[in-house]
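Can you read through this structure? Questions will come right after.
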Amino acid sequence: MFAGIAARSLRDRSAPKRFGNAAFWGLLAVSFLFGSMIGDVANGLLVLALVLLAGTGALGRSAPQTTSPREREIRANAHGSSIFIPALLIPAVAITGSVTLGRISIGGTHLVDPQQATLLSLVLGFVTALIVAMVWLRPPALAPLEEGRRLLDTIGWAAILPQMLAALGAVFALSGVGTAVGRIATTWLPLGEPFGAVAAYCIGMAVFTLIMGNAFAAFPVMTAAIGVPLIVHKFGGDPAIMGAIGMLSGYCGTLATPMAANFNIVPAALLELPDRNAVIKVQIPTAIPLLVANILLMYFLVFRF
Amino acid sequence: MWPLLAIAVLVIGFAAGLNPLLVVIASALAAGIAAGLSPLHILAALGKAYNDNRYISIVWLVLPVIGLLERDGLQERARMLIARVSAATPGRLLLIYLGLRQITAAMGLTSLCGQAQTVRPLVAPMAEGAAEARLGAVSERMRRIVRAYAACADNVGAFFGEDIFIAISSILLIKGVLEQNGFHVEPLRLSVWAIPTAVLAFALQGYRFMRLDAKLKRLAAEEGP
């Protein structure tokens, strides 16, 4: 799909930045097709090239042929609510697939790896919906690619940001950034009494997540540094309650950070909001009171059960 | 302490409004150098991790279908449909979506909804449609606010619903980390203790959606037709 979009970008003479777009989506196609074969260093170079293209502003929006708002209204009236059917097919197929696919086995070997069943079912849902839409709506043969390109260009470089941040997380883990943050948290925070420990643990989870963009990175560090030695061992708290509410405190941080790109930055691009932090700004007034509520909840529950 | 330099790079880069991809690369470099890795080693580590995480970008495969349906008036239809329901306001609609998202996520159906699958094609246009039907003229600024809130409903619903499901990755991570530290906990207990926060999140976000309706009304009055 990315290769197709790259080819169409190249041929779109009306787009001001067609070469940049074509190179970017083309490299992405290479990554998906051959990423496992070309080795780590080549993948690294590929990443570098993608970043340089995006960083130097070589990408731009294009205007692939699509229908006008007026046409769309007419079509919307003509199709009625059955236009929702393909859209709803995606989750329907995805759910049935993820429930059944992992269990099918022939002669003792699984047909698909159960670990990948969900992902595969999701893709299966996309494909089913696409086939149904093509057969029913009979658009021009290149329409799916052109429409895909239209949406992908509105997202632009943000499309690979989530994947890049995941890669950054791996480099951070390799370099011991997490342990360094944990050490700072434990040396500087007031931990002498139960409430202080609970507050430090929850706020630590949120702030660490804010920095790393992922509560999963924060949880092992904060739990080993503050949670287990203080809340559980010193003050006798319950590890299950601490873990559950601790993780959710981290999620308060996820709501407020650009590092959690697929939740916060990508939607802003998808919804064509000019301010890429617009979603975060709307979420912060939820994140802060919810973090306070989590601290109080943990304080009242963790020493009681 | 030197690895912390990488975080400083991130914060400064984001604050300065540089392209986030450049900031990420710079930060990875800083982290690697601080830990004494050679540039080639950093490049290889980055390339490997990037390649291992390709599944994250699988979700973009949905774009051709969504685009195709949009071409045939999906967003417009969603708008029309909601305009007919006279009790529908943007806030109430998003409240219902939030509840649905939390419940389905709690049943393990996290990928049922999402920013690309449901928010852009359905939820955001419906919320905008409700605003148009209730308030008449809707300015570009109001539209943007409504859309941002729609994205917010999806995130809050997913984050504070999924941990109630016992087989989600975060529950497995909590269980694993506690086990490393010598505690054996049942996943079900972790799920149960995620419920109080989920209820509070729904109440808090729901209250903010009701306030959104009032805010939009005020904006509509100020900006006038």
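All chains are named by letter (A, B, ...) in the order of the sequence lines, taking the proteins before the strands, and each is independently numbered beginning at 1.
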Does any heavy atom of chain A fall under 4.5 Å from the side chain of B:Pro196, the backbone, both, or neither of them?
both
Chain B: which of A:Asn264, A:Ile280, A:Leu270 shares the most heavy-atom pairs with it under 4.5 Å?
A:Leu270
Within the 4.5 Å heavy-atom criterion, are A:Leu210 and A:Met259 side-chain neighbours or not?
no
Side chain / backbone / both / neither for B:Val65 at chain A, heavy atoms under 4.5 Å:
both
Is there a side-chain contact between A:Phe263 and B:Asp154 (heavy atoms, below 4.5 Å)?
no
Interchain contact, B:Ala116 with chain A, by part (heavy-atom threshold 4.5 Å)
both
Interatomic spacing from CG in B:Leu29 to CG in B:Leu43 - rounded to 0.5 Å
8.5 Å
The interface call for B:Leu122 against chain A, heavy-atom contacts under 4.5 Å, is side chain
Distance in Å, B:Leu212 CG paired with B:Leu94 CG, rounded so as to fall on 0.5 Å steps:
7.0 Å
Side chain / backbone / both / neither for A:Val232 at chain B, heavy atoms under 4.5 Å:
side chain
Donor + acceptor pair across side chains of B:Thr197, A:Tyr251 (<3.5 Å):
no
Proximity breakdown for A:Leu248 and chain B, heavy-atom pairs closer than 4.5 Å:
both
Relative to chain A, which segment of B:Ala124 carries a heavy atom at a distance below 4.5 Å: side chain, backbone, both, or neither?
side chain
Interface moiety of B:Leu204 toward chain A, non-hydrogen atoms closer than 4.5 Å:
side chain
Which of the residues B:Ser170, B:Ala49, B:Gly176 is involved in the greatest number of heavy-atom pairs with chain A at under 4.5 angstrom?
B:Ser170
Winner by heavy-atom pair count (cut-off under 4.5 Å) against chain A, out of B:Gln180, B:Gln75, B:Arg120:
B:Arg120
By a 4.5 Å heavy-atom criterion (distance strictly below it), what part of B:Leu69 contacts chain A: side chain, backbone, both, or neither?
both
Checking B:Phe183 against chain A: side chain, backbone, both or neither under 4.5 Å from a heavy atom?
side chain
If you count heavy-atom pairs under 4.5 Å with chain A, which of B:Ala45, B:Pro121, B:Ala151, B:Ala34 comes out on top?
B:Ala151
So do the side chains of A:Arg276 and A:Pro258 get within less than 4.5 Å of each other, counting heavy atoms only?
no
What option among A:Lys281, A:Met164, A:Met242 has the most heavy-atom pairs under 4.5 Å with chain B?
A:Met164
For atom NZ of B:Lys48, decide whether the heavy atoms of other residues, nucleotides or ligands shown that lie under 6.0 angstrom number more than 12.
no
Using heavy-atom distances under 4.5 Å, tell me whether B:Leu178 contacts chain A through its side chain, its backbone, both, or neither.
side chain
Looking only at A:Pro86, A:Pro285, A:Ala287, the option with the highest number of non-hydrogen pairs under 4.5 Å against chain B is A:Pro285
Measure distances from B:Leu81 to the heavy atoms of chain A and classify the residue's part below 4.5 Å as side chain, backbone, both or neither.
side chain
Give, as side chain, backbone, both or neither, the part of B:Glu70 having an atom under 4.5 angstrom from any heavy atom of chain A.
both
Heavy-atom pair of closest approach, residues B:Cys113 and B:Arg101:
O-NH2, 3.4 Å
Among A:Asn262, A:Leu255, A:Ile90, residue most engaged with chain B (heavy-atom pairs, under 4.5 Å):
A:Leu255
Among B:Met80, B:Gln117, B:His41, single out the residue with the greatest number of heavy-atom pairs under 4.5 Å to chain A.
B:Met80
Calculate, to the nearest 0.5 Å, the distance between atoms CD1 and CH2 belonging to A:Ile85 and A:Trp136 respectively.
6.5 Å
Greatest number of heavy atom pairs closer than 4.5 Å to chain B - which of A:Val279, A:Val47, A:Thr286
A:Thr286
Could you measure the distance from the CD1 atom of B:Ile174 to the OG1 atom of A:Thr223? Nearest 0.5 Å is fine.
8.0 Å
How long is the straight-line distance from CG of B:Asn155 back to CG of B:Leu98, given to the nearest 0.5 Å?
11.0 Å
Okay, B:Leu10 and chain A: the region with an atom under 4.5 Å from a heavy atom over there is side chain
Is there side-chain contact between B:Glu132 and B:Arg143, with at least one heavy-atom pair below 4.5 Å?
yes
Residues B:Leu68 and A:Ala133: closest non-hydrogen pair is CD2-CB, 3.9 Å
Go through the steps to decide whether B:His184 and B:Glu179 satisfy the test side-chain contact (heavy atoms from CB on, under 4.5 Å), and finish with yes or no.
CA-CA 5 Å; B:His184 179 75; B:Glu179 222 143 74; 3.1 Å; yes
Please rank B:Val24, B:Val185, B:Val192 by heavy-atom pairs under 4.5 Å with chain A and give me the top one.
B:Val24
May I ask you to test the B:Phe160-B:Leu200 pair for a side-chain heavy-atom distance under 4.5 Å?
no
Measuring heavy-atom distances to chain B, does A:Leu45 have an atom under 4.5 Å in its side chain, in its backbone, in both, or in neither?
both
Which atoms of B:Glu140 approach chain A - backbone, side chain, both or neither, heavy atom under 4.5 Å:
neither
Using side chain to side chain contact (heavy atoms under 4.5 Å, CB included) as the criterion, point out the one residue from B:Val177, B:Leu173, B:Ile171 that pairs with A:Met247.
B:Leu173
Among A:Asp238, A:Val127, A:Val123, the residue with the most heavy-atom pairs under 4.5 Å to chain B is A:Asp238
To the nearest 0.5 Å, what is the distance between CG (A:Leu271) and CZ (B:Arg144)?
12.0 Å
Heavy-atom pairs under 4.5 Å with chain A, option from B:Ala35, B:Ala148, B:Ala158 with the top count:
B:Ala148
Name the region of B:Arg147, side chain, backbone, both or neither, that has any atom closer than 4.5 Å to a heavy atom of chain A.
both
